[in-house]
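In what follows, a single structure is set out as structure tokens and then discussed.
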Amino acid sequence: MMQFFERYSMVTRIQWMLWPVVFLLMFFSLLPEDSPGQAFVFSLLNTLFYMAVIYGNISWLFPRLYLRQRVVLYVTAVIIYLAAVSLGRAYFMPWIYNRWFTDHPVPVTGLVIFRYLAGVPLLFMLSFVFRIAIAYFSVKQQAAALTLQNTQAALNLLKSQVQPHFLFNTLNNIYYEAYREAPRTALLIERLSEIMRYFVDESPKDQVSLATEVSFLEHYIALEKIRIRHEVTLTFDNQAPEHLSIPPMLLMTFVENIFKHGIDKKSQQNEISIILLSRDGRLEFSTCNTLPEHPAATAGPGSGIWNLRKRLTLLYGEDYLLTTAKSADSFTAFLSFPL
């Protein structure tokens, strides 16, 4: 049983515990006046009604209408929804009572309907309190998950750092030796050194400068291009200010996927377009690349985009946009997140 509950988030588990408590409170409040069976049925129906009003608003109407700036439609939908649910309750519960729990049926009058409708506005307002509570626990859970992820990443990084300074010094010595005989090879060694330095010094940070991130991408692209037989037509249009700061490694996935899945090493017509810009307080990063005429078989879909989406959710909640599109001969990816 504990393993079953541990599969779900803390917010979900709290809600599962809350509603049985609400049911029991109503059951024991009705029990002195009603039979156990009647108290059970009406407590259950009332609990389901409360859940319908609260979740109908916070999980459906509010996010799909109000948060998308459709305020008039939201107000209209709320009125219609609450009226429909309340009238359904006003007719259904007396029918249950008359059918199963009394020998003298009670008619459904306007006063009865009004009594059922009277408490709905307060319950509707409580749905926002419920939403705030859920949001609070969700934020705490995301913060804890992000802290755990950063800690795990730092631990993994420490495990992989086998005397990094010794490695950098060795690479520098190789660089100077290679520079005498093969300057181009020396330049590639220097780029490799900068990439490794980025992993050690920058990637553990919460924020890095955009200039550092772009430099890392450029070094990576240069090293990838040496593995391709023919020249690649690549444009990198960087229109974002260098002083901006972003979480590290957010832009890497798109570029890595291009060289993993979007390059035909036998073709002379590989084209890559990368655009980076800031607009309206957000950073926008897009890539477009041609696709191989005969893609290599893979073991399955990569996990890079999935991992990136998971990390973005931890960092920004729902305040980001990540889309990909594939046509017959090209693949495009787009990412937007707040600065």
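Count residues from 1 along the sequence.
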Does [X] use its side chain to pair, donor to acceptor, with the backbone of [Y] at less than 3.5 Å?
X: Gln239; Y: Ser278; answer: no
X: Asn46; Y: Phe42; answer: yes
X: Thr290; Y: Glu271; answer: yes
X: Ser215; Y: Thr212; answer: no

(request) Please name the pair of heavy atoms, one in Ser43 and one in Thr47, separated by the smallest distance, quoted to 0.1 Å. (result) O-OG1, 2.8 Å
(request) Would you name the heavy atoms of Pro94 and Arg89 that are closest together and state the gap between them? (result) CD-O, 3.7 Å
(request) To the nearest 0.5 Å, tell me how far Phe23 CZ sits from Phe28 CZ. (result) 9.0 Å
Taking side chain as C-beta onward, heavy atoms only, is [X] less than 4.5 Å from [Y]?
X: Tyr74; Y: Arg68; result: no
X: Trp60; Y: Tyr55; result: no
X: Asn307; Y: Arg311; result: no

(message) Counting neighbours of OH on Tyr91 that are heavy atoms of other residues, nucleotides or ligands and sit closer than 6.0 Å, is the number greater than 12?
(response) no
(request) Check whether more than 12 heavy atoms from other residues, nucleotides or ligands sit under 6.0 Å from atom CZ of Phe40, and answer yes or no. (result) no
(request) Report yes if the distance between the aromatic ring centroids of Phe254 and Phe334 is under 6.0 Å, otherwise no. (result) no
